[in-house]
J.: 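Before I ask anything, let me first share the structure, which is written out below as structure tokens.
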There are 2 protein chains.
Amino acid sequence: MIENIESMQKAALQVTVDIVVFTVQDQALKVLLIQRGVEPFRGQYALPGGFVLSGETLEEAAFRELREETGTEIVYLEQLYTFGDPGRDPRGRIVTVAYFALVPTDKAPLIAGTDAASTAWFAVSALPALAFDHAMIVDHAIRRLRNKLEYSTVGFELLPAKFTLSSLQSLHEAILGKALDKRNFRRRIEALGLVKPTKDMFATGRKPARLFSFRSRPGS
Amino acid sequence: MIENIESMQKAALQVTVDIVVFTVQDQALKVLLIQRGVEPFRGQYALPGGFVLSGETLEEAAFRELREETGTEIVYLEQLYTFGDPGRDPRGRIVTVAYFALVPTDKAPLIAGTDAASTAWFAVSALPALAFDHAMIVDHAIRRLRNKLEYSTVGFELLPAKFTLSSLQSLHEAILGKALDKRNFRRRIEALGLVKPTKDMFATGRKPARLFSFRSRPGS
DNA sequence: CCAAAAGTGTTAGGAGTACACCCATGG
DNA sequence: CCATGGGTGTACTCCTAACACTTTTGG
């Protein structure tokens with residue numbers, strides 16, 4: 001730790017949070033981006049984010065920026081990694097704490113945005129050029145999300161309260177970018193015990209599908 | 001991202017790095033701590049660390065602080081988590097990027113320290129009270145280390161260039177804090193293919209033990 | 001010859017993967 | 001009646017975990 005005020009001053013830096021917000025729409029994993037209205041990188045897309053205020057935690061800053069910039073209702077937020085190379089921002093030394101967030105498909109706003117020129121969802125398979133080092137941040141976030149899906153339950157948060165197993169499967173397929181075996185998928189989900197059948201059916205295609213919901217706590 | 005200089009200034013914070021340095025000595029997982037010479041928390045132990053300078057990356061800051069404060073030769077460094085709650089440091093708003101590091105047993109200095117009052121290794125099972133929120137940071141680091149040991153090769157870095165399988169096993173046991181089955185452990189290590197036998201034997205106890213070394217690249 | 005650590009195989013259970021057919025419904 | 005997505009079971013492989021005895025050496 002530091003031993004005197006002088007070196008503390010010397011080291012004062014800017015701290016931001018940037019959030020990689022994911023949702024799944026039309027069978028594709030998508031990221032929320034904002035088109036910048038000012039230099040640098042004017043006109044290019046960037047992650048939502050902004051400076052951390054003195055009285056708030058890093059998480060609070062992330063929530064606040066999302067609210068202000070996109071009006072998005074987040075259901076999951078997790079710290080990702082901190083990027084702090086000098087030169088990552090042409091305006092000066094800025095350290096950013098990156099988060100990743102999930103929004104349920106049915107709550108993902110098509111547009112919003114208060115202080116940002118324009119916000120839009122982009123499929124991760126077709127991202128535009130990104131400002132700063134945001135391409136690297138998005139890349140980290142995608143890897144983390146895919147990774148977590150294999151050993152945890154992250155991703156469940158992207159669905160509405162009641163859902164079919166087929167929709168859960170296609171959600172996983174969209175995130176992972178590959179097809180999954182139906183029987184193995186259902187067996188694994190059942191073994192996790194995090195989901196329970198409801199009385200309701202969903203009548204979309206031909207045969208009605210059972211709707212499931214999340215079990216809040218483990219145990220029956 | 002931010003849109004004007006004014007709010008940038010408003011948000012200027014202090015950024016530090018803190019490093020949880022692990023080694024294994026005497027069958028115990030240990031952490032390097034420094035006794036603070038100044039207020040706040042004067043006399044209490046804290047993690048090595050300090051402020052990030054304007055021209056260096058976060059990693060470089062971590063390496064520099066370790067060199068300056070402890071003279072320790074690190075073989076592994078990984079970013080852990082960023083802690084930034086207001087109030088975590090009584091001197092003001094300080095965001096710290098925590099790292100965890102590993103030092104080989106044979107290179108862990110018993111003492112060192114240039115600008116710190118006194119440095120010492122503490123077994124994680126018997127830590128003193130720590131300054132700031134450092135207890136929480138150490139806790140995160142231990143969980144991460146134990147976790148990584150089960151699905152990766154982190155921890156190998158703690159051994160000298162040539163080592164016996166028994167010493168590798170007791171290293172793992174010290175980190176995990178539990179006993180492992182000798183045959184299963186050897187089978188798993190062999191399956192990983194990261195280790196190869198050398199011609200040398202080690203004659204400590206009664207029956208001499210084969211010395212192994214790391215294979216730098218996968219393949220024969 | 002004995003104490004102490006080195007070294008070595010087999011079996012059982014669980015998790016993941018590959019694979020194909022019948023069912024219920026709306027049009 | 002048929003097209004469409006819903007729903008189900010079995011066999012194989014691989015990884016993990018439990019478990020005990022023989023070998024080599026120094027004293």
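Below, all heavy atoms of this structure are taken into account, side chains as well, without hydrogens, waters or symmetry copies.
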J.: If you take atom types as modelled and just measure distance, does the side chain of A/R183 reach the base of C/dA20 with a donor-acceptor pair under 3.5 Å?
T.: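 Present.
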J.: Establish whether the base of C/dG7 is bridged to the side chain of B/K182 by a donor-acceptor pair shorter than 3.5 Å.
T.: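 It does, because a donor-acceptor pair links the side chain of B/K182 to the base of C/dG7 below 3.5 Å.
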J.: Is any side-chain N or O of B/S166 closer than 4.0 Å to OP1 or OP2 of C/dA5?
T.: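 No, outside the criterion.
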J.: Any donor and acceptor pair, going by atom type alone, linking the side chain of A/E60 with main-chain N or O of A/T57 inside 3.5 Å?
T.: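 Here the side-chain-to-backbone pair exists.
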J.: How many whole angstroms separate atom CZ of B/F212 from atom P of C/dA6?
T.: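 Those two atoms, CZ and P, are 12 Å apart.
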J.: Once you round it to whole Å, what is the distance between P of C/dG16 and CZ of A/R188?
T.: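 That distance rounds to 7 Å.
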J.: Is it true that B/R64 and B/E68 have a side-chain N and a carboxylate O under 4.0 angstrom from each other?
T.: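 Salt bridge: yes.
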J.: In this structure, how many angstroms lie between the C1' atom of C/dA5 and the CD atom of B/Q27, rounded?
T.: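 So the two atoms are 13 Å apart, to the nearest Å.
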J.: Kindly give the atom pairs (protein nitrogen or oxygen, nucleotide nitrogen or oxygen) under 3.5 Å for nucleotides 10-13 of chain C.
T.:
| unit_1 | atom_1 | unit_2 | atom_2 | d |
| --- | --- | --- | --- | --- |
| C/dT10 | O4 | B/R187 | NH2 | 3.3 |

J.: Answer yes or no: is there an ion pair linking B/K178 with B/E173, defined by an N-O contact shorter than 4.0 Å?
T.: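 Between B/E173 and B/K178 there is no salt bridge, as every charged N stays at least 4.0 Å from the carboxylate O atoms.
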J.: Indicate whether OP1 or OP2 belonging to C/dG7 is found under 4.0 Å from a side-chain N or O atom of B/R186.
T.: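 So the side chain of B/R186 is within the cut-off, an N or O lying under 4.0 Å from OP1 or OP2 of C/dG7.
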J.: Between B/F185 (CZ) and D/dC15 (P), how many Å, whole number?
T.: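 It works out to 17 Å between those atoms.
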J.: Considering only side-chain heavy atoms of B/R206, which listed nucleotide, D/dT23, C/dT25, C/dA4, is closest?
T.: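 Given the options D/dT23, C/dT25, C/dA4, the side chain of B/R206 is closest to C/dA4.
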J.: What is the separation between atom CG on A/L192 and atom P on C/dA15, rounded to the nearest whole Å?
T.: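 It works out to 11 Å between those atoms.
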J.: As a quick check of understanding, evaluate side chain to side chain contact (heavy atoms under 4.5 Å, CB included) for A/T23 and A/L102, giving each step before the final call.
T.: CA-CA 6 Å; A/T23 197; A/L102 303 177; over 6 Å; no
J.: Is the distance between the ring centroids of B/Y99 and B/F63 under 6.0 Å?
T.: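 Distance test on ring centres: not under 6.0 Å, no.
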J.: Could you check whether A/D89 pairs with A/R93 (Lys NZ or Arg NE/NH1/NH2 to Asp/Glu carboxylate O, under 4.0 Å)?
T.: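 Not counted as a salt bridge, because no side-chain N and carboxylate O are separated by less than 4.0 Å.
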J.: Could you give the NZ-to-P distance, from A/K178 to C/dT17, as a whole number of Å?
T.: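 The distance from NZ of A/K178 to P of C/dT17 comes to 8 Å, rounded to the nearest Å.
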J.: Between atom CE in B/M201 and atom C1' in D/dT24, what is the gap in whole Å?
T.: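 Roughly 9 Å, once rounded to whole Å.
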J.: Take the protein atom CG of B/L211 and the nucleotide atom C1' of C/dA6, then report the distance between them rounded to whole Å.
T.: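 Distance check: B/L211 CG to C/dA6 C1' gives 13 Å.
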J.: Looking at residues at least two apart in the chain, or sitting in another chain, which of them share a side chain to side chain donor-acceptor pair (under 3.5 Å) with B/D85?
T.: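 Residues passing side chain to side chain donor-acceptor pair (under 3.5 Å) with B/D85: none at all.
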